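Numbering of ligands and ligand atoms starts at 1, following listing order. Computed over heavy atoms, backbone and side chain alike; hydrogens, waters and symmetry mates excluded. Keep in mind that what you see is a predicted model, and the values were worked out from it rather than measured.
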Amino acid sequence: MPRPKRQASNKKSLAPPVTVTKQRLLTRTRDLEALLAIAQTATQSLDIEKILNDTLDKSLEILGFDVGFIRVLDLAKMGMVVRAVRGLRSPEFLAGIAPVHSDRLNVTRIVFESKEPYVCADIRKNPIYKNRSMEREGVISTAAAPVMSKSRVLGIIVLGSRKHHRFAQSEINLLTAFGSQLGAALENAQLYEQVNKSKAYIENLVENAGDAIISTDMEHRILTWNRAAEVIFGYAKEEAIGQSLAILLPSGQLKELVELAEKVQIAGVLHNLEVRRKRKGNSVIDVGLAVSPIFDQDQTIAGFLHLAKDITEKKRFEKRLKELDKMKSDFVSNVSHELRTPLTAIKGSVDNMLDGIIGPLNEKQVRYLVRIKSNVDRLARLINDLLDLSRIEAGKIDLNPTYLPLLSLIQEAAESIRPIAAEKLISIETVYPDAGVKAWADRDKVIQVVTNLIGNAVKFAPAHSEVTVRFEPDGDEWVRISIADMGPGIPPGEADNVFDKFYQVAQVNRQKVRGTGLGLAICKALVEMHGGKIWVESDVGHGSSFSFTLPARQPFKLKAPSD
Ligand code: ADP
């Protein structure tokens with residue numbers, strides 16, 4: 001083992017000053033060379049094991065020791081773990097974790113806390129080495145330095161000698177410098193390892209995602225293609241990568257990629273698109289699609305990310321549901337038609353009897369016939385409502401929207417209810433901030449909704465009260481019509497339910513009023529056909545206010561991406 005310091009000091013006492021300077025220069029040059037050698041070794045690789053082993057070998061070679069090891073901080077384990085060892089016959093004693101925050105003083109903890117080297121010329125006399133393992137290996141002198149980066153201790157490097165050795169300051173300085181070189185290299189490699197781990201994690205996520213994840217460049221050439229894409233579209237990764245995404249487009253839809261790209265560039269991410277795509281072998285499937293831009297470092301669009309899900313089954317299911325729904329509506333409308341004919345005959349006969357056409361009636365007969373007439377009327381109303389609703393639900397009703405002046409429309413609806421209102425001495429008022437407000441809607445349907453709501457208000461309100469119909473703009477895009485009464489109100493928990501088919505509020509209907517429970521469901525369907533909303537606000541015991549919105553103007557037609 002070279003002993004540079006001793007040689008230097010020997011010469012210092014004998015040689016003239018010029019030689020001393022020269023010797024110093026030589027030592028300095030040799031130190032710098034050593035440092036360079038270590039720096040080169042440490043930065044040669046990004047493989048942590050290789051960095052640690054090569055650096056340890058080079059340090060032992062330069063400083064001329066025969067025993068050495070490196071411990072690296074493992075934060076999860078709150079200690080340091082040996083990652084490279086040289087020159088020990090049975091290094092197993094180093095296998096455990098050297099805690100950095102233990103109560104017991106040990107070299108690892110001293111170096112970790114002080115961030116300074118720790119040198120011991122004779123470990124046999126130092127109580128810190130009391131477990132004697134190193135001593136049993138014949139090691140007498142040791143020097144440990146922190147492996148540091150940016151003033152954080154990442155590990156320690158320990159060199160040892162089986163001969164008694166008093167460490168020179170220059171050796172300690174050099175070992176400390178080696179520790180710093182190693183620290184920088186280790187940090188780089190750890191970062192690289194972390195980046196690689198995150199990359200592998202994300203690649204794994206993408207690869208095993210349930211949805212097809214496909215990235216392309218700006219020319220729609222496929223760059224990545226995960227396993228779900230293989231399953232959904234039938235092309236293996238090797239077949240797909242490098243091809244144009246146009247391989248998935250059914251004929252006649254080839255323009256779609258260009259249109260999608262334009263839309264992504266304007267709107268950013270496109271969600272919830274439903275498109276048709278061609279599998280390998282030309283079968284066509286329905287696909288739910290989201291497309292987003294991929295940006296490069298300059299924030300310019302470098303390509304596109306397509307997330308696709310096979311929704312063929314879902315579509316098939318929806319189609320079947322629609323068919324079943326239509327069958328149900330057809331059934332209801334057939335049955336209703338069939339019921340209407342005998343009902344008309346019964347109603348005609350009862351009316352004739354009540355008019356005395358078949359002869360005089362006694363009081364009891366009149367009472368019975370009036371009850372029959374009222375129930376037949378109710379049944380006829382129910383059938384009409386059912387027919388209406390089934391036609392709306394089956395999409396059999398078309399809207400013919402025009403610009404409707406609301407004032408005259410509301411007055412017309414109010415007029416038709418006024419006779420019933422007059423019987424209960426209820427007045428119907430119309431209020432508005434602007435008489436000229438118009439809605440873009442179907443006249444007959446809006447009359448039906450307003451008549452129904454005023455009819456309910458009159459039906460449920462007490463005698464001598466007031467029903468108010470108000471209309472006004474609601475922002476730029478909508479108009480709002482509200483019908484308020486002074487009736488029993490609707491409990492908060494039931495406010496949404498009243499728009500369900502056949503729902504009736506027990507508290508409200510207990511008193512007397514018998515209806516079909518379909519009026520509000522029809523109103524809701526008609527309002528929603530226009531794109532509007534309907535809701536009720538209520539103060540139990542004091543009244544309800546039913547409101548709905550309609551478009552104030554003709555909407556723009558947006559072209560769907562697959563058009
Ligand atoms: P119907 O009036 O024929 O029962 P609707 O669908 O029009 O059917 O109304 C459903 C239920 O909502 C009514 O039975 C009643 O319980 C409640 N309701 C509707 N309008 C009012 C109102 N203005 N005030 C209090 N309750 C109402």
Side-chain angles (χ1 to χ4, degrees), residues 332 336 339 343 374-393 397 410 413-414 416-431 444-471 480-529 532-549:
V332 172
S336 310
L339 283 175
L343 216 55
S374 131
N375 278 295
V376 167
D377 283 346
R378 190 164 159 240
L379 210 55
R381 271 204 315 276
L382 181 63
I383 289 168
N384 276 341
D385 283 356
L386 268 176
L387 261 176
D388 261 7
L389 203 59
S390 71
R391 270 199 232 112
I392 297 172
E393 286 179 347
I397 290 199
I410 288 168
S416 67
I417 310 284
R418 232 179 272 282
I420 311 167
E423 279 174 29
K424 287 175 80 177
L425 299 169
I426 291 175
S427 64
I428 304 174
E429 301 294 328
T430 308
V431 294
D444 291 345
K445 311 292 180 294
V446 180
I447 291 235
Q448 191 177 348
V449 174
V450 177
T451 311
N452 209 315
L453 294 177
I454 301 179
N456 274 354
V458 169
K459 184 161 70 173
F460 295 108
H464 294 283
S465 64
E466 198 173 89
V467 169
T468 313
V469 186
R470 186 182 170 84
F471 64 94
R480 185 174 59 226
I481 302 170
S482 307
I483 293 95
D485 61 54
M486 298 167 158
I490 293 167
E494 295 185 78
D496 286 338
N497 302 342
V498 292
F499 298 100
D500 293 343
K501 277 178 258 181
F502 301 111
Y503 195 91
Q504 298 190 319
V505 181
Q507 242 165 302
V508 171
N509 298 61
R510 194 183 308 131
Q511 302 152 10
K512 51 191 176 275
V513 203
R514 302 175 79 193
T516 64
L518 287 173
L520 289 178
I522 294 173
C523 291
K524 182 172 176 336
L526 290 174
V527 168
E528 287 178 354
M529 274 177 81
K533 293 184 300 191
I534 185 165
W535 69 98
V536 60
E537 289 152 293
S538 190
D539 187 1
V540 175
H542 296 98
S544 314
S545 172
F546 282 80
S547 304
F548 66 98
T549 55

- prompt: Is G489 in polar range of ligand 1, meaning some N or O pair under 3.5 Å apart?
  reply: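 No.
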message: Can you confirm, on distance only, whether ligand 1 has an N/O atom lying under 3.5 Å from any N/O atom belonging to G517?
response: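 There is such a contact, yes.
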- prompt: Would you say F546 touches ligand 1, if touching means a heavy atom closer than 4.0 Å?
  reply: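 Yes, F546 has a heavy atom closer than 4.0 Å to ligand 1.
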- request: Would you please determine whether G487 falls within less than 4.0 Å of ligand 1 on a heavy-atom basis?
  value: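 Checking ligand 1 against G487, which is what was asked, there is no heavy-atom contact under 4.0 Å.
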Could you list the atoms of ligand 1 found under 4.0 angstrom from a heavy atom of [X]?
{"X": "K459", "result": "1 (P), 2 (O), 3 (O)"}
{"X": "Y503", "result": "10 (C), 11 (C)"}
{"X": "L518", "result": "6 (O), 8 (O)"}
{"X": "I490", "result": "25 (C), 26 (N), 27 (C)"}
{"X": "V498", "result": "12 (O)"}

message: Once rounded to the nearest 0.5 Å, what's the spacing between atom CD1 of I522 and atom CD1 of I397?
response: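 Answer for the CD1-CD1 pair, I522 versus I397, is 9.0 Å.
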- prompt: Which value, rounded to the nearest 0.5 Å, describes the distance between N456 atom CG and C523 atom SG?
  reply: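 Answer for the CG-SG pair, N456 versus C523, is 7.5 Å.
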task: Specify the closest pair of heavy atoms between E466 and M486, including all atoms of both residues, with the distance to one decimal.
output: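 Distance-wise, the nearest heavy atoms are N-SD, 3.5 Å.
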message: Just to verify, what does E528 make a side-chain hydrogen bond (donor to acceptor under 3.5 Å, both in side chains) with, not counting sequence neighbours?
response: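 Scan of E528 (side-chain hydrogen bond (donor to acceptor under 3.5 Å, both in side chains), adjacent residues dropped) gives K524.
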Validation row: K501, L518 side chains within 4.5 angstrom (heavy atoms):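 When only atoms from C-beta onward are counted, L518 and K501 do touch, with a gap below 4.5 Å.
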query: Which pairs count as side chain to side chain donor-acceptor pair (under 3.5 Å) when at least one residue sits in residues 481-495, sequence neighbours excluded?
result: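 For residues 481-495, and leaving out neighbouring residues, the side chain to side chain donor-acceptor pair (under 3.5 Å) pairs sorted by first residue read S482-S547, E494-Y503.
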query: Hey, does the side chain of S538 reach the backbone of G543 with a donor-acceptor pair shorter than 3.5 angstrom?
result: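 Pair found, side chain donor or acceptor close to backbone of G543.
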- prompt: Do the side chain of S545 and the main chain of E537 share a donor and acceptor less than 3.5 angstrom apart?
  reply: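 Flag not set: sc S545 to bb E537 has no pair under 3.5 Å.
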- request: Select the closest option to atom 23 (N) of ligand 1 among N497, V458, D485, judged by heavy-atom distance.
  value: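 Looking at heavy atoms only, D485 sits closest to atom 23 (N) of ligand 1.
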- prompt: Just going by heavy-atom distances, which of L520, V540, I454, I522 is nearest to atom 9 (O) of ligand 1?
  reply: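 Nearest option to atom 9 (O) of ligand 1, by heavy atoms: L520.
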